[in-house]
Amino acid sequence: MTEVSSLTGRLLVATPTLADPNFDRAVVLLLDHDEEGSLGVVLNRPTPVGVGDILESWADLAGEPGVVFQGGPVSLDSALGLAVIPGDEGPLGWRRVYGAIGLVDLETPPELLASALGSLRIFAGYAGWGPGQLEDELTEGAWYVVESEPGDVSSPSPESLWRAVLRRQRNELAMVATYPDDPSLN
């Protein structure tokens with residue numbers, strides 16, 4: 001097998017032509033990417049379910065809008081916490097993924113992380129790809145790969161994240177941000 005260049009910590013931004021409804025206008029943060037496959041969470045799919053409804057002890061620490069996000073179509077009955085923690089050292093119960101972004105062990109007492117948290121978001125489920133599957137989708141042009149920023153995880157306007165991420169690109173991708181939701185209406 002050929003060596004896979006890790007995309008961990010980067011964003012997958014769905015192209016306007018991606019046909020899978022699970023990923024329509026999705027922005028996915030890759031948490032793991034290697035020769036064994038890829039795992040990420042969709043950052044821009046808030047649900048109507050409040051964090052307190054499923055993880056009451058974490059509700060006060062979750063950033064606005066304070067709801068659970070649908071992280072992807074896989075394992076929707078499991079919860080995953082992502083937090084931005086500035087600095088070099090993270091607290092017990094947090095594992096750095098990329099830069100200041102890391103995974104929170106939701107079994108850890110929240111008070112152990114509370115003072116260190118820059119932001120926290122809870123996701124139900126995740127997006128996953130088997131070995132070579134994401135690379136095939138990239139070759140087919142299903143995704144744009146761009147750099148992430150720590151604020152992407154806790155965007156106060158998750159519904160507009162797709163356009164915002166594309167708009168900040170310094171190349172032709174910035175123009176894609178203006179792609180209409182339904183081109184047939186033009």
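One-based numbering along the sequence shown.
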Taking the side chain as every heavy atom from C-beta outward, state whether S38 and L30 have any pair of such atoms under 4.5 Å apart.
-> yes
Taking the side chain as C-beta and beyond, is there a heavy-atom pair between L7 and L138 under 4.5 Å?
-> yes
Could you tell me whether a side-chain N or O of R121 sits under 3.5 Å from a main-chain N or O of S155, the two making a donor and an acceptor?
-> yes
Identify the residue among T8, D152, L12, L43 that makes a side-chain contact (heavy atoms from CB on, under 4.5 Å) with L29.
-> L43
Specify the closest pair of heavy atoms between L117 and A83, including all atoms of both residues, with the distance to one decimal.
-> CD2-CB, 3.4 Å
Do R10 and H33 come close enough that some side-chain heavy atom pair is under 4.5 Å?
-> no
Taking all non-hydrogen atoms of both residues into account, name the closest pair between P150 and I101 and its distance.
-> CA-CD1, 4.2 Å
Option from V13, V146, V176 for which side-chain contact (heavy atoms from CB on, under 4.5 Å) with Q169 holds | V146
Between R96 (side chain) and D88 (backbone), is there a donor-acceptor pair under 3.5 Å?
-> yes
E111 atom CD, over 12 foreign heavy atoms within 6.0 Å | yes
Which atoms form the tightest heavy-atom contact between A26 and W162, and what is the distance?
-> O-CD1, 3.7 Å
With distance as the sole test, does S6 use its side chain to make a donor-acceptor pair with the main-chain N or O of D34 at under 3.5 Å?
-> no
Using a 4.5 Å cut-off on heavy atoms from C-beta on, say whether the side chain of D105 contacts that of L113.
-> no
Side-chain heavy-atom pair E135, E35 within 4.5 angstrom cut-off | no
Whether R167 side chain and A177 backbone form a donor-acceptor pair below 3.5 Å | no
Donor-acceptor pairs are to be reported for all side-chain atoms of residues 65-81 against protein atoms at under 3.5 Å, with residues two or more places apart or in another chain.
| from | atom 1 | to | atom 2 | distance (Å) |
| --- | --- | --- | --- | --- |
| S78 | OG | S75 | O | 2.8 |

Crowding at CG, D60 (>12 non-hydrogen neighbours, <6.0 Å) | no
Please check if atom CD in E56 has more than 12 non-hydrogen atoms from other residues, nucleotides or ligands closer than 6.0 Å.
-> no
Are L134 and W143 side-chain neighbours, meaning at least one heavy-atom pair lies under 4.5 Å?
-> yes
